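To start, the structure under review is shown below, and the notes come after it.
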Amino acid sequence: ITDIPVVFAVVAAPVSVGLVADLSRSARNLTGVFHVAPTKAQLQAIRTYRPFEKIGVIHTPTESNSSVIVEELQALARAEKFALLTEAFPLENGRPSASNSEALVARLKQRGAQWLYLPPDSFLTSHAAGQVIPAAHALNLPTFASTEQLMNAGALAGLVSRYAAIGAFAGYKAEQILRGKPAGEIPIETLSRYAYLVNFKVARALKCVPPLSMFGYLEPMPGDA
């Protein structure tokens with residue numbers, strides 16, 4: 001689509017996946033909002049909750065957005081001297097399969113993972129609530145979410161963008177276009193603040209309540225008591 005402006009709202013890494021070359025000016029007939037907090041900031045958020053030496057991640061090898069995040073994690077693991085343990089959903093006839101999700105989680109736990117990081121991965125997200133997250137928590141493996149949707153699926157904690165705020169920000173960019181500004185001249189941005197969400201029901205079940213120092217800024221999940 002080149003003849004009408006495009007505004008996107010839920011893209012994890014628009015530059016890394018080749019959607020645009022420059023966030024400040026796309027030079028294409030599109031603009032938008034990306035929704036994932038910087039990977040380095042997410043790792044620091046995890047450490048604030050509970051330090052780690054080994055962190056596990058499950059990803060879908062056919063999803064470029066997920067692969068980009070795994071590559072960022074690998075680079076950070078080398079720089080920050082922690083072990084990144086990865087498992088990929090197997091492919092069956094070229095398509096990912098979640099039939100062995102529990103086994104993937106179990107392997108990460110056996111390899112010493114102290115957290116299971118949940119990247120912005122569409123296939124993973126579709127199986128998070130029913131398979132991946134319950135399997136992790138059954139093994140007392142805490143989960144950290146990169147998106148609000150994964151928090152809604154039952155993850156323990158996450159540094160996330162609120163979807164309502166992302167939608168409002170994208171709507172503002174659409175308004176700019178309707179007022180005559182070319183889409184390619186509107187910067188591609190993210191929110192200036194993220195929400196640190198904690199699911200206290202899960203925290204109590206895992207005996208993994210956040211430290212008191214976090215209570216000044218964390219947000220409980222809606223309906224959490």
Side-chain angles (χ1 to χ4, degrees), residues 10-13 16-17 35-47 49-160 197-199 202-203 205-208:
V10 185
V11 174
S16 298
V17 300
H35 69 300
V36 177
T39 307
K40 187 178 180 70
Q42 293 184 64
L43 291 175
Q44 185 55 47
I46 298 173
R47 289 191 186 95
Y49 197 126
R50 176 182 284 184
F52 62 87
E53 296 176 350
K54 297 181 179 181
I55 189 168
V57 61
I58 298 175
H59 65 102
T60 307
T62 54
E63 290 193 27
S64 58
N65 55 310
S66 181
S67 298
V68 163
I69 298 299
V70 171
E71 290 172 3
E72 289 183 11
L73 286 168
Q74 290 169 335
L76 287 165
R78 291 189 294 270
E80 299 180 8
K81 310 300 182 185
F82 66 87
L84 179 68
L85 311 176
T86 64
E87 294 286 347
F89 288 110
L91 301 180
E92 297 179 0
N93 298 319
R95 295 184 177 183
S97 170
S99 59
N100 67 338
S101 297
E102 292 83 358
L104 297 179
V105 175
R107 281 206 293 270
L108 289 173
K109 178 69 174 181
Q110 290 166 1
R111 294 169 63 190
Q114 296 158 292
W115 280 91
L116 176 61
Y117 175 72
L118 304 170
D121 181 310
S122 298
F123 185 77
L124 168 71
T125 299
S126 66
H127 296 280
Q131 295 170 267
V132 176
I133 292 175
H137 292 171
L139 296 172
N140 204 40
L141 180 61
T143 51
F144 192 87
S146 59
T147 68
E148 187 177 19
Q149 189 174 0
L150 286 164
M151 284 301 302
N152 293 334
L156 167 63
L159 185 68
V160 306
L197 301 180
V198 174
N199 187 327
V202 173
L206 296 180
K207 296 182 173 58
C208 187

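What you are looking at is a predicted structure, and each value in this text was computed from that prediction instead of being measured.
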Check: [Y] and [X] side chains under 4.5 Å, non-hydrogen atoms:
{"X": "P142", "Y": "L116", "result": "no"}
{"X": "I58", "Y": "T86", "result": "no"}
{"X": "L104", "Y": "L108", "result": "no"}
{"X": "Q44", "Y": "L159", "result": "no"}
{"X": "L206", "Y": "L141", "result": "no"}
{"X": "S66", "Y": "L124", "result": "no"}
{"X": "S146", "Y": "I69", "result": "no"}
{"X": "V57", "Y": "P119", "result": "yes"}

Going by salt bridge (charged side-chain N to carboxylate O under 4.0 Å, His left out), name the pairs with one or both residues in [range], residues two or more places apart or in two chains.
{"range": "residues 107-129", "value": "E87-R107, E87-R111"}
{"range": "residues 60-72", "value": "none"}
{"range": "residues 124-150", "value": "E148-R162"}

Minimum heavy-atom separation for [X] to [Y], with atom names?
{"X": "A98", "Y": "Q131", "result": "O-NE2, 3.0 Å"}
{"X": "G112", "Y": "L85", "result": "C-CD1, 4.2 Å"}
{"X": "S99", "Y": "E102", "result": "O-OE1, 4.3 Å"}
{"X": "Q42", "Y": "A145", "result": "OE1-O, 4.2 Å"}
{"X": "P96", "Y": "F123", "result": "O-CZ, 3.5 Å"}
{"X": "V202", "Y": "G154", "result": "CG2-O, 3.7 Å"}

Any side-chain donor-acceptor pair under 3.5 Å between H137 and T143?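 The answer is yes; a qualifying pair exists.
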
Does either side chain, that of T60 or that of T62, offer a donor lying less than 3.5 Å from an acceptor on the other one? no

Where the side chain of N199 meets the backbone of A157, is there a donor-acceptor pair that is under 3.5 Å apart? no

I'd like to know if the side chain of Y49 and the backbone of C208 have a donor-acceptor N/O pair within less than 3.5 Å.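 Yes, because the side chain of Y49 sits within donor-acceptor range (under 3.5 Å) of the backbone of C208.
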
Can you list the residues that meet the side-chain hydrogen bond (donor to acceptor under 3.5 Å, both in side chains) rule with Q114, with sequence neighbours excluded?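 None.
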
Would T125 and Q149 satisfy side-chain hydrogen bond (donor to acceptor under 3.5 Å, both in side chains), going step by step from the backbone distance to the final call? CA-CA 8 Å; T125 299; Q149 189 174 0; 5.2 Å; no

Sequence neighbours excluded, the answer for salt bridge (charged side-chain N to carboxylate O under 4.0 Å, His left out) partners of R47 is E80

Within this structure, what is the [atom1]-[atom2] distance for the pair [X] and [Y], rounded to the nearest 0.5 Å?
{"X": "L73", "Y": "K40", "atom1": "CG", "atom2": "NZ", "answer": "12.0 Å"}
{"X": "M151", "Y": "L118", "atom1": "CE", "atom2": "CG", "answer": "10.0 Å"}
{"X": "L84", "Y": "L76", "atom1": "CG", "atom2": "CG", "answer": "9.5 Å"}

Quickly, which of Y117, W115, F52 forms a ring pair (Phe, Tyr, Trp, His ring centres under 6.0 Å) with F82? Name it, please.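 With F82 as partner, Y117, W115, F52 yield a single ring pair (Phe, Tyr, Trp, His ring centres under 6.0 Å), made by F52.
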
P134: side chain to side chain contact (heavy atoms under 4.5 Å, CB included) partners, not counting sequence neighbours: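 Side chain to side chain contact (heavy atoms under 4.5 Å, CB included) check on P134 returns nothing, list empty.
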
